[in-house]
Amino acid sequence: MLFAVVALRGVIELVLWLLIGRAVLALLAGRQAMGNGVLRLFDFLLSPLRQFAQRCAPACAPGMRDLLLFMALFAAWLALAFVKLGLRS
C-alpha cells in the first residue's frame with residue numbers, strides 16, 4: 001500500500017512540475033509562445049488533464065482552469081503525504 005501511495009504521489013508531483021514549467025515558459029516566450037516546440041510538448045503532455053479540468057469547470061477561463069487543476073493536484077499531493085505518514089506509523 002505504501003508503494004502505491006508513493007508512486008501516485010510521484011506522478012502527481014511530476015504533473016505539478018510540468019504545470020509550473022509550462023507557466024514559466026509561457027511567460028518567458030511571450031508572443032512567440034505558440035511557435036515554441038517545448039511549450040507544445042508541455043501542452044501535449046498536459047492535454048488529458050487539462051481536458052478533464054475543462055469538463056469539470058467549463059465556465060472558467062483557460063488560465064483559471066490551469067490554476068484550478070494545479071490547486072486540486074497540490075491538495076491531492078498533500079493528502080497523499082498525510083496518508084503516507086499514517087502508513088509509516
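Basis for what follows: all heavy atoms, side chains included, without hydrogens, waters or symmetry-related copies.
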Separation of [Y] [atom2] from [X] [atom1] (nearest 0.5 Å):
{"X": "Arg65", "Y": "Arg55", "atom1": "CZ", "atom2": "CZ", "value": "11.5 Å"}
{"X": "Met34", "Y": "Leu39", "atom1": "CE", "atom2": "CG", "value": "7.0 Å"}
{"X": "Arg22", "Y": "Leu27", "atom1": "CZ", "atom2": "CG", "value": "9.5 Å"}
{"X": "Leu25", "Y": "Leu18", "atom1": "CG", "atom2": "CG", "value": "11.5 Å"}

pair Arg88-Lys84: side-chain heavy atoms closer than 4.5 Å: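 Contact flag for Arg88/Lys84 side chains = yes.
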Measure the shortest side-chain to side-chain distance between Arg50 and Asp43 over non-hydrogen atoms and say whether it is less than 4.5 angstrom.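 Contact flag for Arg50/Asp43 side chains = yes.
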Any chain of hydrophobic side-chain contacts (each under 4.5 Å) joining [X] to [Y]?
{"X": "Leu46", "Y": "Leu41", "value": "yes"}
{"X": "Leu45", "Y": "Ile20", "value": "yes"}
{"X": "Leu78", "Y": "Leu49", "value": "yes"}
{"X": "Phe70", "Y": "Trp17", "value": "yes"}
{"X": "Val15", "Y": "Leu67", "value": "no"}

Between Leu16, Ile12, Leu19, which is the residue that forms a side chain to side chain contact (heavy atoms under 4.5 Å, CB included) with Phe74?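 Among Leu16, Ile12, Leu19, the one that satisfies the side chain to side chain contact (heavy atoms under 4.5 Å, CB included) with Phe74 is Leu16.
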Which ILVMFWY residues are connected to Val11, directly or by a chain of links, through side-chain heavy atoms under 4.5 Å apart?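 None; Val11 is a cluster of one.
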Can you name the nearest heavy-atom pair linking Ala33 to Ala29, along with the distance?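 Closest approach of Ala33 to Ala29, heavy atoms only: CA-CB, 3.7 Å.
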